[in-house]
Amino acid sequence: MPKLLKLNASNPKLWLLIGIGIAGVVVLAETRRRRRRKPLKEDFGAFIQRFELLPISQPYQTQNLSALTFAIKDVFDVKGYVTGFGNPQWKKTHGEAGKTAIVITALLSNGATCVGKTVMDEFSFGLNGHKPIVIVLCLNVEKYCIFVGTDTTGCVRIPAAFCGILGFRPSHGVISTIGVLPNAQSLDTVGWFAWDPSVLHRVGLVLLPSNSVELKRTRRIIFADDLFQLSNVPSQKTVYIIGKAIESLSGYQSPQHVNLCQYIASNVPSLKGFLERLTLQQNGVSILKALTSVMVSLQGYEFKTNHEEWVKSVKPRLGRGVSDRVIAAMNTTHDNIKTLYKVRTEMRGAFQRLLKDDGILVIPTVADDPLKLNTDKGFSSEFHDRAFALSSIASISGCCQVAIPLGCDKNFCVSVSFISAHGADKFLLDTVLDMYTTLQEQVSVAYALPLPYANGSMETSELLKEKGNAAFKGRLWNKAVDYYTEAINLNGTNATYYSNRAAAFLELGCFQQAEEDCNKAILHDKKNVKAYLRRGTARELQLRNKEALKGVFTFKKLSCMSFVSDLECWSS
């Protein structure tokens, strides 16, 4: 070939043929490369910009994230790219970033490769913008190892729950937000999603400061019993899965139980002013509504402080849902700002006292079924209210929280969250890494069989009922629930056991579970007067007054029938 070129160096036809040959090789190589790469349509519109940032070489440094890829939310600055903040007009009115966000640099310096930016809700408001990302998270397990985003009011935790994957919101302020567009800096955190607990843990080792709380020898699991009334999954199933898991692991104390709303009401006195504005009774629902009100107000005030000048000058066109929230933020006043920050401070202190350096609070991650992925409808305002009621706990307290999948129930993903005290991030991630495999083993058992499962005699179940009654009289309502539950497992057709457990649930503020127990009691005994009365109370406390009123009429009718029957027996 070299000899041929030398002899025919001036022949244009020869060079044309060589050029065509080289072009063919290049086209063939590119065709093969594209075939190896998954089609872009599999991204389902989750990416607004595809690019590749290769790892930064660090001599003499172990790269903990080597071979991992990650995608980022469009709030992170990347040098040479415009950060869009989810709004086209923002992107048009801002220039390219001069530096890359510290978080992104840290990931690149530890061996990870960035593959692009994902879509998001405008200005980090709401949850609807995560819909295409949720699809990608579900379907592209091998393609993207990590998704890095921000969590202000739940934008990492809630999508993670929908997908049945892990999502971590770190303690507020422990990870740098330099180079990240702020929504509300008192609530904003950098968070991440992962499918594998070891990957979640490895990212934490890279991003979290080295002086964070280290692994503890013992751990206290604390169930927030009252919050599971907001969940579609019975708390007994969750308690069973986690309880069985820690039985086979070392370093875990026996589970504890708490009525978290009562605890917050007693330890966050500044919430009282927000409770007084609500027309609801002072129960768990109103406590969470008050906490949500603080979170939304604080978010609105700080968003206004950060971006009011731009919003008023540009007057951007905004999407459904976001427009109302931006307008509300622009109308936020300074009247109660000191109280908002005081609630945040009191919540931080209350949770430090509750959790200390070894406590892990267990709550549902979300309350409702996830939005079906094949629908164009957004989330309802009712969904936002119920979702924010749970997410406001970590957002206001500043605690770290991780969403953990616990299988599927009734065709939707089940997710619980572990919350640890502010600064205990590594302790929490260590716990997840320690427990995860055992938890998943127990999940396979829990959803295959009715739980808890046992065989026993009528005499044993009656004894358990009496123990439950004694615990109830002693105001030990959590223990009463446990005894009644064991009795029900032995004899699931006894209406009294369900009715008695409903009474204990009412005392704990678990109104939905109380109603469900009353329904079961009535199913087994249609003349169980107490079950009707307790069901009416449960419905009233859930603000379903019309249904409660029907229950009162049924209760009165049955009471009269019972009185007439007793009178007839006495006269005979």
Side-chain angles (χ1 to χ4, degrees), residues 73-77 82-95 97 101 120-130 149-156 169 172-173 176-191 270-271 273-274 277-278 289-348 378-379 381 384-385 387-389 391-392 394-398:
K73 186 176 179 179
D74 194 22
V75 293
F76 293 93
D77 285 345
V82 179
T83 308
F85 215 180
N87 181 272
Q89 288 166 281
W90 179 280
K91 194 167 187 176
K92 288 179 182 178
T93 55
H94 289 79
M120 56 174 284
D121 281 304
E122 295 171 284
F123 314 127
S124 296
F125 272 122
L127 300 169
N128 294 339
H130 282 287
T150 56
D151 188 309
T152 303
T153 59
C155 292
V156 167
R169 174 196 165 93
H172 181 264
S176 174
T177 54
I178 295 175
V180 183
L181 290 177
N183 176 281
Q185 53 268 31
S186 291
L187 305 172
D188 291 344
T189 59
V190 172
S270 296
L271 264 182
F274 295 91
R277 299 176 191 178
L278 300 172
K289 278 185 173 291
L291 200 62
T292 300
S293 175
V294 171
M295 180 179 73
V296 172
S297 297
L298 187 58
Q299 182 187 29
Y301 170 77
E302 293 189 345
F303 180 84
K304 178 181 179 179
T305 303
N306 294 328
H307 306 299
E308 179 180 22
E309 183 179 344
W310 182 84
V311 171
K312 287 187 174 180
S313 63
V314 176
K315 297 180 175 58
R317 294 184 299 275
L318 303 173
R320 179 181 59 184
V322 174
S323 177
D324 293 339
R325 299 189 68 182
V326 171
I327 291 171
M330 292 302 106
N331 293 331
T332 300
T333 63
H334 302 260
D335 297 343
N336 63 345
I337 187 62
K338 289 185 179 179
T339 307
L340 296 176
Y341 287 117
K342 192 173 182 180
V343 170
R344 190 187 63 163
T345 301
E346 291 174 354
M347 276 286 288
R348 173 79 61 86
F379 297 118
S381 59
H384 276 96
D385 291 343
F388 288 163
S391 65
S392 64
S395 291
I396 296 297
S397 69

### Message
Within a 6.0 Å radius of atom NZ on Lys91, are there more than 12 heavy atoms belonging to other residues, nucleotides or ligands?
### Response
yes
### Query
Within the side chain of Asn336, is there an N or O that forms a donor-acceptor pair under 3.5 Å with the backbone of Thr339?
no
### Task
Could you tell me whether the side chain of Trp90 reaches within less than 4.5 Å of the side chain of Val314, counting heavy atoms only?
no
### Task
In sequence, state the C-alpha distance, the side-chain angles, and the governing distance for Phe123 and Trp310, and then conclude on ring pair (Phe, Tyr, Trp, His ring centres under 6.0 Å).
CA-CA 12 Å; Phe123 314 127; Trp310 182 84; 5.8 Å; yes
### Query
Are any of the side-chain heavy atoms of Val180 and Asp188 separated by less than 4.5 Å?
no
#### Entry: side chain to side chain contact (heavy atoms under 4.5 Å, CB included) between Thr152 and Gln299, worked out
CA-CA 8 Å; Thr152 303; Gln299 182 187 29; 4.0 Å; yes
### Message
Distance check, rounded to the nearest 0.5 Å: Ser297 atom OG versus Phe274 atom CZ?
### Response
6.0 Å
### Task
Heavy atoms only: give me the nearest Phe125-Val322 pair and the separation to one decimal.
O-CG2, 4.0 Å
### Task
May I ask you to test the Met120-Val75 pair for a side-chain heavy-atom distance under 4.5 Å?
yes
### Message
Holding to side-chain hydrogen bond (donor to acceptor under 3.5 Å, both in side chains), I want the full list of residues that pass it with Gln89, two or more places apart in sequence or in another chain.
### Response
none
### Query
What's the shortest heavy-atom distance between Ile178 and Ser176, and which atoms?
N-OG, 3.2 Å
### Query
Tell me, do Arg325 and Leu318 make a side-chain contact under 4.5 Å, heavy atoms counted?
no
### Task
Calculate, to the nearest 0.5 Å, the distance between atoms OG1 and CZ belonging to Thr189 and Arg169 respectively.
4.0 Å
### Query
When rounded to the nearest 0.5 angstrom, what is the spacing between CG in Leu298 and CD1 in Ile337?
5.5 Å
## Note on the structure
Distance col, row Ser186:OG vs Leu340:CG, nearest 0.5 angstrom, shows 9.5 Å
### Task
Can you see which heavy atom on His172 is nearest to which on Leu187, and at what distance?
NE2-N, 3.7 Å
### Task
Determine whether His307 and Pro182 make a side-chain contact, defined as any pair of heavy atoms from C-beta on separated by less than 4.5 Å.
yes
### Task
Could you pull out the closest heavy-atom pair between Ser391 and Thr153, with the gap in Å?
OG-O, 2.7 Å
### Query
Checking side-chain hydrogen bond (donor to acceptor under 3.5 Å, both in side chains) against Lys73, which of Thr83, Thr150, Asp121 comes through?
Thr150
### Query
What distance separates Ser270 OG from Arg344 CZ, expressed to the nearest 0.5 Å?
12.5 Å
### Query
Closest approach of Leu291 and Ser392, non-hydrogen atoms and distance?
CD2-OG, 3.5 Å
### Query
Short question: side chain of Thr305, backbone of Tyr301 - any donor-acceptor pair under 3.5 Å?
yes
### Message
Is the shortest side-chain heavy-atom distance between Ser395 and Met295 below 4.5 Å?
### Response
yes
#### Entry: Value rounded to 0.5 Å, distance of CG in Leu181 from NE2 in His94
7.5 Å
### Query
How far apart are the C-alpha atoms of Lys304 and Val311, what are their side-chain angles, what is the distance that settles it, and do they pass the side chain to side chain contact (heavy atoms under 4.5 Å, CB included) test?
CA-CA 9 Å; Lys304 178 181 179 179; Val311 171; over 6 Å; no
#### Entry: Minimum-distance pair of heavy atoms, taken over all atoms of Ala329 and Phe303
CB-CD2, 4.0 Å
### Message
Quick check against the 3.5 Å criterion: does Thr177 have a side-chain atom that pairs as donor or acceptor with the backbone of Gly173?
### Response
no
### Query
When you check the side-chain N and O atoms of Asn183 and Glu302, is any donor under 3.5 Å from an acceptor?
no
